Number of protein chains: 2
Amino acid sequence: MLDERKSAILRAIVNQYISTAEPVGSTHVAKYDPGVEVSSATIRSEMAQLEREGYLIQPHTSAGRIPSDKGYRYFVDHLSTPGRLGPTQRQEVKEFFSTSHFAIETMLHDTSKLLATLTSQVGVVIGAVPGATTVVGAQLVKLSPKSGVLVFILSSGDVERIEIEIPDGADEILIQETSAYFQKCLVGAKWGSACEKLDEITEPQLEGVIRNCQSALREAQDRSKINPSSNHVFVDGASHITDAFGAVDTVRNILSILEQQYLVVTLLKDILDRGTSVSIGSEHGEARLADCSIVVAPYSKDGEPVGTIGILGPTRMKYSEALATVAIVGNQLTDRLSETN
Amino acid sequence: MLDERKSAILRAIVNQYISTAEPVGSTHVAKYDPGVEVSSATIRSEMAQLEREGYLIQPHTSAGRIPSDKGYRYFVDHLSTPGRLGPTQRQEVKEFFSTSHFAIETMLHDTSKLLATLTSQVGVVIGAVPGATTVVGAQLVKLSPKSGVLVFILSSGDVERIEIEIPDGADEILIQETSAYFQKCLVGAKWGSACEKLDEITEPQLEGVIRNCQSALREAQDRSKINPSSNHVFVDGASHITDAFGAVDTVRNILSILEQQYLVVTLLKDILDRGTSVSIGSEHGEARLADCSIVVAPYSKDGEPVGTIGILGPTRMKYSEALATVAIVGNQLTDRLSETN
DNA sequence: TGTTGGCACTCTGTACAATAGAGTGCTAGA
DNA sequence: TCTAGCACTCTATTGTACAGAGTGCCAACA
């Protein structure tokens, strides 16, 4: 733990650096920060100590100091005052969630856009993974002599769509019967256990088609386990990173991460697993994001956590604002998803 | 039309500039290009003329020339030799389209990734818009006392999912009856005219629910007309633009365009409407893309054009390669989509 | 008449030195 | 324990000189 004065100095440095992006020197802290009432010389010696302890970094001998990841971490954990959204932004969130959004997917996509506009950072939303949801509708239709599509409606309101091959000789009637069989036997089942439900077949004449469907279903479910919610990652506002970083290389690195959706998913998941809501610089162990911080919040439906939202920006971001924004959007999203009950 | 020699010089300059990104001087053309057999002095005077006619630009007095948009245009239309893909890339495309892709959406998304990797540019795929497709399945299920979801399966294999409000007093049985009604009365109808089909209701007791569904359906269809295929734009490889442009501002501009999906859609649509497959720099009338070219190709299903693919890169891109790649991927995609019949 | 070699000219990029400015660490004194 | 002062270090900027690349023009030539 840092003593009172060191804390004040660190806070001053982080705040100033966040707003100016320039290394801050002892004179600036002494002159412009009302929270520190000692001379620049004293601040200098404290700063030297803070650097020795790893909270600050000096880019070169005659420059001011900038916070290290550890410094930001201490700032976030102990020095940052809880932020509040401005009235305009508060209004924006409210309006967003009171307008109708058609499909859940669209809403989540728009939510990432909302996060991006509110914070001027990259907004990320990871979609709800079906799992504990139950099947509320099932239908099989033929599209061509050899192919068809199997559609499941889940209690979450999501629709799962699986392409299947239709065995030779399966006529329209057989398909309809199979469809009815699915509807009868799978509705009410847990989505996760739908596959096993098809093990014991009570209608032998349907066996051929059902086996095809079962294996396609298993394949689809396995795939979504390995690559969880592959098509449920929404990223928006990537252009904002060009505001934070002047070097094209840094921009490239960050973009290349954002393009790999599974990376984004695991990244955010790891942060939540660690039990935190902020991950700073090197903490998330991905070299290309060494200059970035990520702020996340989970969202739930009916008390069950179903997804994650977050923003990604430079380590010198306004953490309290970011945390407040992510928290409020997460809550609103949770409310919105659960209200349908 | 340019005479033989001017053509050769322009071709040499475009080719060299594309591979080096440096303004090319008369000496380089004379020395390294086998297609031009005159002295540098002669080339100089030809270059001066080409500049006067608008094909070349001189960044400053003592620099070489770079092609103007008009220069690139002439190059693409008259000087470029039709390109072929390398064996590795050819193999990559082949493999891609012979592996199974589960949902169409996923396949299109992966196709944008394929385009990006093949060309090292930004890959864009605009999804098929349902329209002339017919309804092959319809189902209505209740999710909560007040809400439900209406699902249509289309002959394209796509699934449309519409959230609806359920009127008070509609019990489970009524919903099931309505669902059956939809199945009976809408299957076989054109997707575009499904709404009208619901005008004359033969089962008065279902009227309340059906009217709700009808208005939700109309709203959803209208929305997708105004903002065609809003959730069917797939962009991948955005990080590649950092390879082409060193200035962060340029990168920002391009990213900000790519983030606005409707802009991307209209942009590509305009190019196709103009009857071309390449749009160079200022031709697409979007200032932020002044340094970019776009190469597009349509793809079809069952002879009907249903969508567009394309790549976006710097004006100094390898046009013949780009054209070849986009063409082959477009064809393969068409084949793949149509084979299911 | 078209082509070419030669030459003066222009502009950029780089290397180098000098200088101003910001900031530090250290020390002696209150 | 704090602070004022000072010597020192490093960066960023400015100015200058110079090499390099490229041009336009002209006179000579085929």
Side-chain angles (χ1 to χ4, degrees), chain A residues 2-10 12-68 71 246-247 316, chain B residues 2-10 12-68 71 246-247 316:
Chain A
L2 299 176
D3 63 44
E4 190 68 25
R5 197 166 67 190
K6 281 209 180 59
S7 292
I9 292 175
L10 179 56
I13 292 176
V14 173
N15 278 330
Q16 281 198 34
Y17 183 66
I18 283 175
S19 62
T20 64
E22 295 290 322
V24 302
S26 53
T27 333
H28 272 78
V29 177
K31 218 186 254 175
Y32 302 111
D33 199 287
V36 186
E37 292 281 1
V38 286
S39 81
S40 67
T42 312
I43 296 174
R44 272 204 289 285
S45 80
E46 296 279 43
M47 279 163 80
Q49 220 165 318
L50 282 169
E51 187 178 356
R52 249 169 279 135
E53 294 168 30
Y55 295 98
L56 296 177
I57 291 170
Q58 197 172 22
H60 58 84
T61 338
S62 78
R65 307 300 211 289
I66 63 175
S68 66
R316 45 172 287 274
Chain B
L2 299 176
D3 63 48
E4 190 68 27
R5 197 166 67 188
K6 281 211 181 57
S7 291
I9 292 174
L10 180 56
I13 292 176
V14 173
N15 278 330
Q16 282 198 36
Y17 183 66
I18 284 176
S19 62
T20 64
E22 296 288 324
V24 299
S26 52
T27 332
H28 272 79
V29 176
K31 218 186 256 175
Y32 303 110
D33 198 287
V36 185
E37 293 281 2
V38 286
S39 82
S40 67
T42 312
I43 296 174
R44 271 204 289 287
S45 82
E46 295 281 42
M47 280 164 80
Q49 219 166 319
L50 282 168
E51 187 178 356
R52 249 170 280 134
E53 294 169 29
Y55 294 98
L56 295 176
I57 291 171
Q58 197 173 23
H60 56 84
T61 336
S62 77
R65 305 307 208 286
I66 63 177
S68 66
R316 44 173 290 275

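Quick note on labels: first sequence line is chain A, next is B, and so on, each numbered from 1. Here the structure is a predicted model, which means the values were calculated and not measured.
When heavy atoms are screened at a 4.0 angstrom cut-off, B/Ala63 is found touching the sugar-phosphate backbone but no base atom.
Residues A/Ala12 and A/Val29 share a closest heavy-atom pair of CB-CG1, 4.0 Å. Residue B/Gln16 comes nearest to B/Val24 through the heavy atom pair CB-CG1, 3.5 Å, listed as atom of the first residue, atom of the second, then distance. Counting all heavy atoms, side chain and backbone alike, A/Tyr17 lies closest to A/Pro67 at CD2-CD, 3.5 Å. Among all heavy-atom pairs drawn from B/Val38 and B/Ala30, the shortest one is O-CB, 4.0 Å. When all heavy atoms are compared, the tightest approach of B/Gly54 to B/Ser68 is O-OG, 2.6 Å.
Remark: C1' of C/dG23 and CD1 of A/Ile13 are 12 Å apart, rounded to the nearest angstrom. Rounded to whole angstrom, the span from the CD atom of B/Gln58 across to the C1' atom of D/dG22 amounts to 8 Å. Between the CE atom of B/Met47 and the C1' atom of C/dT3 there is a distance of 17 Å, rounded to whole Å. Distance CD (A/Gln16) to C1' (C/dG23): 14 Å, rounded to an integer number of Å. Distance CD1 (A/Ile57) to P (C/dG23): 18 Å, rounded to an integer number of Å. For the pair A/Ile43 CD1 and C/dT24 C1', the computed distance is 13 Å after rounding to whole Å. One interatomic measurement links the two molecules: CD of B/Glu22 to P of D/dG20, which rounds to 17 Å at whole-angstrom precision. Look at CZ on B/Arg52: it is 8 Å from P on D/dC25, rounded to the nearest Å.
Put simply, A/Arg65 has a side-chain N or O that comes within less than 4.0 Å of OP1 or OP2 on C/dT24. Under 4.0 angstrom from either OP1 or OP2 of C/dT3 there lies at least one side-chain N or O belonging to B/Arg5. In terms of phosphate contacts, A/Thr42 brings a side-chain nitrogen or oxygen within less than 4.0 Å of OP1 or OP2 of D/dT3.
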| remark: With B for base contact, S for sugar-phosphate-only contact and - for none (protein heavy atoms under 4.0 Å), nucleotides 6-14 of chain D reads ---BBS---
| message | I'd like to compare against my own output: the B/S/- annotation of nucleotides 14-19 of chain C with a strict under-4.0 Å heavy-atom distance to protein. | response | ------
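No side-chain heavy atom of B/Asp33 sits under 4.5 Å from any side-chain heavy atom of B/Ile9. Contact check for B/Thr42 versus B/Ser39: side-chain heavy atoms found under the 4.5 Å cut-off.
Among residue pairs with one or both ends in residues 21-48 of chain B, those qualifying as ring pair (Phe, Tyr, Trp, His ring centres under 6.0 Å) are B/His28-B/Tyr32; sequence neighbours excluded. A side chain to side chain donor-acceptor pair (under 3.5 Å) check over residues 52-66 of chain B, counting only residues at least two apart or in different chains, returns the pairs B/Glu51-B/Arg65. Legend: salt bridge (charged side-chain N to carboxylate O under 4.0 Å, His left out) pairs involving residues 36-50 of chain A, not counting sequence neighbours, sorted by first then second residue: A/Arg5-A/Glu46, A/Lys6-A/Glu46.
A donor-acceptor contact shorter than 3.5 Å is absent between the side chain of A/Ser26 and the backbone of A/Ile43.
One distance of note links CG of B/Asn15 with OG1 of B/Thr20; it measures 10.5 Å at 0.5 Å rounding.
Residues of residues 24-37 of chain B that place a heavy atom closer than 4.0 Å to DNA chain C do not occur.
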